[in-house]
2 protein chains.
Amino acid sequence: MEFLKDGSAGYLINHLARVFARGLTTRIKPLGLTTGTFPTLLELWETDGLTQKDLVTRLDIEQATMANTLSRMERDGMILRRRDPADGRSQRVFLTERARALREPAIAAAQAENEAALAGLTLEERDQLVALMRKALAGETPG
Amino acid sequence: MEFLKDGSAGYLINHLARVFARGLTTRIKPLGLTTGTFPTLLELWETDGLTQKDLVTRLDIEQATMANTLSRMERDGMILRRRDPADGRSQRVFLTERARALREPAIAAAQAENEAALAGLTLEERDQLVALMRKALAGETPG
DNA sequence: CCTGATTGCATAGCTGGCTATCTAAAATTA
DNA sequence: TAATTTTAGATAGCCAGCTATGCAATCAGG
């Protein structure tokens, strides 16, 4: 076929993303974590107390998705949401002690999954792949 | 941080996959299609009458996911499911005329999205990206 | 031939992504 | 200052992925 499934970038990226997600899911399940919370945790481990809006813009995710993710994280004792005293609309998001303690093992799990999923590539090829994806994300035509 | 979010392959792949999915979603919406059906359609456009099991193994997707996807496709008039006379457990999946007619415009939309999402890369870089992803998928450590 | 294991599929229930829409709090402007 | 617009967040409803489980048809051994 003129649109070979294994030759289409979009098809391959979707497949590879599923492979990654499946692997990471099993690796962080023992920690009580799920994949959807991971990007949020990375931001908050770096900078605690961000607003929901901050997270939305930093992670390129829809506001509604972020709100739901934060609700699950709150339910699971990973974060607290406190209204910003300076702006009654905003809520600042703070990690619990439990979530702070998960930083090291969670990152180790993610690195292990990166290794496993890219086991077929040389170190140089992995760097190339990362560089190409970063460039693609930087240069995509919006809309 | 030691695990730079923009340097992690898994993080980038997830992000890029979302970018692709968003773009393709809007492009194929006018055709009455959604992204989840796309891989299935590619297989059936190539080989009509596959069983659900065939699709599951070819697409590396869970059986339950495939069953749900096929239900939506049936509801939307894209496929028919017929029991295999030779094996009462199997169901063979056949495209409707409507789905067959969507082949050309759907593939054109996917190619357009590939172009847009990889607009920041040269042609050579796109080929490299595709080759690296294929190699990664071929060589990942299972489990 | 009958029983038990295997196979193909459906369903329930969850996460996580999206759009659309609503509310309340600021911010702007007439 | 009062009315309007903009902004932050929540919620409803959908698609798409997953695991776990149940059921019915087939297959394999005894």
Side-chain angles (χ1 to χ4, degrees), chain A residues 10-11 13-29 32-41 50-57 59-76 78-79 81-93 143, chain B residues 13-29 32-41 50-57 59-76 78-79 81-93 143:
Chain A
Y11 190 103
I13 286 168
N14 173 268
H15 191 175
L16 202 47
R18 285 190 293 109
V19 166
F20 256 99
R22 289 196 294 234
L24 186 58
T25 295
T26 67
R27 284 186 147 89
I28 62 181
K29 190 173 187 178
L33 291 177
T34 55
T35 57
T37 67
F38 217 99
T40 301
L41 285 170
L50 293 172
T51 65
Q52 187 181 123
K53 181 72 198 308
D54 290 334
L55 290 166
V56 162
T57 59
L59 300 180
D60 184 25
I61 212 152
E62 290 303 317
Q63 176 267 321
T65 301
M66 193 74 250
N68 285 327
T69 299
L70 290 175
S71 290
R72 287 194 306 276
M73 293 176 76
E74 192 172 33
R75 178 201 63 189
D76 297 340
M78 296 295 175
I79 59 158
R81 288 196 261 198
R82 288 195 224 133
R83 292 224 94 80
D84 188 330
D87 187 336
R89 294 168 300 183
S90 294
Q91 291 208 339
R92 296 205 167 267
V93 181
Chain B
I13 286 168
N14 172 268
H15 192 176
L16 202 47
R18 285 191 291 110
V19 167
F20 256 98
R22 288 196 294 232
L24 186 58
T25 294
T26 66
R27 284 186 148 89
I28 62 181
K29 190 172 187 178
L33 291 177
T34 55
T35 57
T37 68
F38 217 100
T40 299
L41 285 170
L50 293 172
T51 65
Q52 187 182 122
K53 181 71 198 308
D54 290 335
L55 290 166
V56 162
T57 60
L59 299 179
D60 185 24
I61 211 152
E62 289 305 315
Q63 176 267 322
T65 302
M66 194 73 249
N68 285 328
T69 299
L70 290 175
S71 290
R72 287 195 306 276
M73 292 176 77
E74 191 173 34
R75 178 200 63 190
D76 297 341
M78 297 295 174
I79 58 159
R81 288 196 263 199
R82 289 194 222 133
R83 291 224 93 81
D84 188 329
D87 186 336
R89 295 167 301 183
S90 294
Q91 291 210 338
R92 297 203 168 268
V93 181

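Atoms considered below: every heavy atom in the structure, side chains included; atoms not considered: hydrogens, waters and symmetry mates. Chain A is the first sequence line, chain B the second, and so forth, proteins listed ahead of strands; every chain is numbered from 1. Remember, predicted model here, so these are calculated numbers, not experimental data.
- What separates CG of A:Asp54 from C1' of D:dT7 is a distance of 13 Å, to the nearest Å.
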Return a single string for nucleotides 13-23 of chain C, one symbol per nucleotide in 5' to 3' order, where B is base contact, S is sugar-phosphate-only contact and - is none, cutoff 4.0 angstrom on heavy atoms.
--SSSBBB---

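- Between the P atom of D:dA10 and the CE atom of A:Met66 lies a distance of 10 Å, rounded to the nearest Å.
- Between the B:Asp76 side chain and the B:Met78 main chain, no donor and acceptor come within less than 3.5 Å of each other.
- Following rounding to the nearest Å, A:Arg89 (CZ) and D:dG9 (C1') show an atom-to-atom distance of 10 Å.
- A donor-acceptor pair shorter than 3.5 Å cannot be found between the side chains of A:Asn68 and A:Thr65.
- Residues B:Met73 and B:Thr40 share a closest heavy-atom pair of SD-CG2, 3.9 Å.
- In this structure, the CG atom of B:Leu55 is 12 Å from the P atom of C:dA10, given to the nearest Å.
- With DNA chain C read from its 5' end, the first of the two nearest nucleotides for A:Pro85 and B:Ala67 is the one closest to B:Ala67.
- Here B:Arg81 reaches the OP1 or OP2 of C:dA10: one of its side-chain N or O atoms lies under 4.0 Å away.
- Of the possible donor and acceptor atoms, one in the side chain of A:Arg83 sits under 3.5 Å from a partner among the backbone N and O of A:Gly88.
- In this structure, the nucleotide among C:dC9, C:dA25, D:dG9 sitting nearest to the side chain of A:Lys53 is D:dG9.
- Among residues two or more places apart in sequence or in another chain, the side-chain contact (heavy atoms from CB on, under 4.5 Å) test is passed with B:Ala17 by A:Ile13, A:Ala17.
- In this structure, CD of B:Gln91 is placed 12 Å from P of D:dA25, rounded to the nearest angstrom.
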Test side chain to side chain contact (heavy atoms under 4.5 Å, CB included) on B:His15 and A:Asp60 and set out the steps.
CA-CA 8 Å; B:His15 192 176; A:Asp60 184 25; 2.7 Å; yes

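- Atom CD1 in B:Ile28 sits about 11 Å away from atom C1' in D:dC15, given to the nearest Å.
- A:Leu70 has its CG atom 12 Å from the C1' atom of D:dA10, to the nearest Å.
- Distance, B:Asp87 CG to C:dT6 C1': 12 Å, rounded to whole Å.
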For A:Arg81 and A:Gln52: C-alpha separation, side-chain torsions, deciding distance, then whether side chain to side chain contact (heavy atoms under 4.5 Å, CB included) applies.
CA-CA 9 Å; A:Arg81 288 196 261 198; A:Gln52 187 181 123; 4.0 Å; yes

